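Encoded as structure tokens, the structure appears first; notes follow it.
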Amino acid sequence: MARTTTQKRGSIQRQGRRVMPTMRRTARKAAPAQLTLGELIAAAYDTAAGEKREVLKLVTSPQMARLLGRRIVLVD
């Protein structure tokens, strides 16, 4: 039963809140998809319509390095 507390205006019934359970470690973060370097470069060629210079810009961009967690360096 909930307890009652008294204030200047009268008595108010107190209500507790349930704590939401924390998510398990496995459910928190889904495993990222595994991509090979070849698949990544093939996708970049598809996106850049086959232009070599545009592919280099896409693959070596800072955004791609941040997303993958690794820096890719390609030599012409």
Side-chain angles (χ1 to χ4, degrees):
M1 283 277 178
R3 294 183 178 182
T4 57
T5 183
T6 57
Q7 290 183 347
K8 293 180 183 178
R9 296 183 203 158
S11 63
I12 298 175
Q13 198 170 22
R14 293 192 319 200
Q15 182 179 358
R17 293 188 181 191
R18 280 192 200 162
V19 178
M20 292 296 289
T22 59
M23 293 177 67
R24 302 244 184 254
R25 186 175 293 171
T26 56
R28 264 188 227 158
K29 192 174 184 182
Q34 297 292 321
L35 287 176
T36 64
L37 183 60
E39 291 172 339
L40 187 67
I41 292 174
Y45 266 104
D46 288 343
T47 304
E51 294 183 30
K52 188 175 179 182
R53 181 108 17 223
E54 292 299 317
V55 170
L56 287 172
K57 284 181 185 178
L58 283 172
V59 176
T60 60
S61 69
Q63 293 87 3
M64 186 70 75
R66 186 174 53 240
L67 182 71
L68 295 173
R70 295 190 175 147
R71 188 170 166 221
I72 298 175
V73 178
L74 296 175
V75 180
D76 226 355

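Quantities reported herein were computed from a predicted structural model and do not represent experimental measurements. Values below: all heavy atoms of this structure, side chains included; hydrogens, waters and symmetry mates excluded.
Residues Ile72 and Leu37 approach most closely at CD1-CD1, 4.0 Å, considering heavy atoms. Residues Val59 and Met64 approach most closely at O-CG, 3.7 Å, considering heavy atoms. Residues Glu39 and Gln34 approach most closely at OE1-O, 4.1 Å, considering heavy atoms. Heavy-atom minimum distance, Ala48 versus Glu54: CB-CB, 3.6 Å. Of all heavy-atom pairs spanning Val55 and Ala44, the tightest one is CG2-O, 3.8 Å.
Residues Ile41 and Leu58 do not share a hydrophobic cluster, clusters being chains of Ile/Leu/Val/Met/Phe/Trp/Tyr side chains in contact below 4.5 Å.
Considering only heavy atoms from C-beta on, Tyr45 stays 4.5 Å or farther from Glu51 through its side chain.
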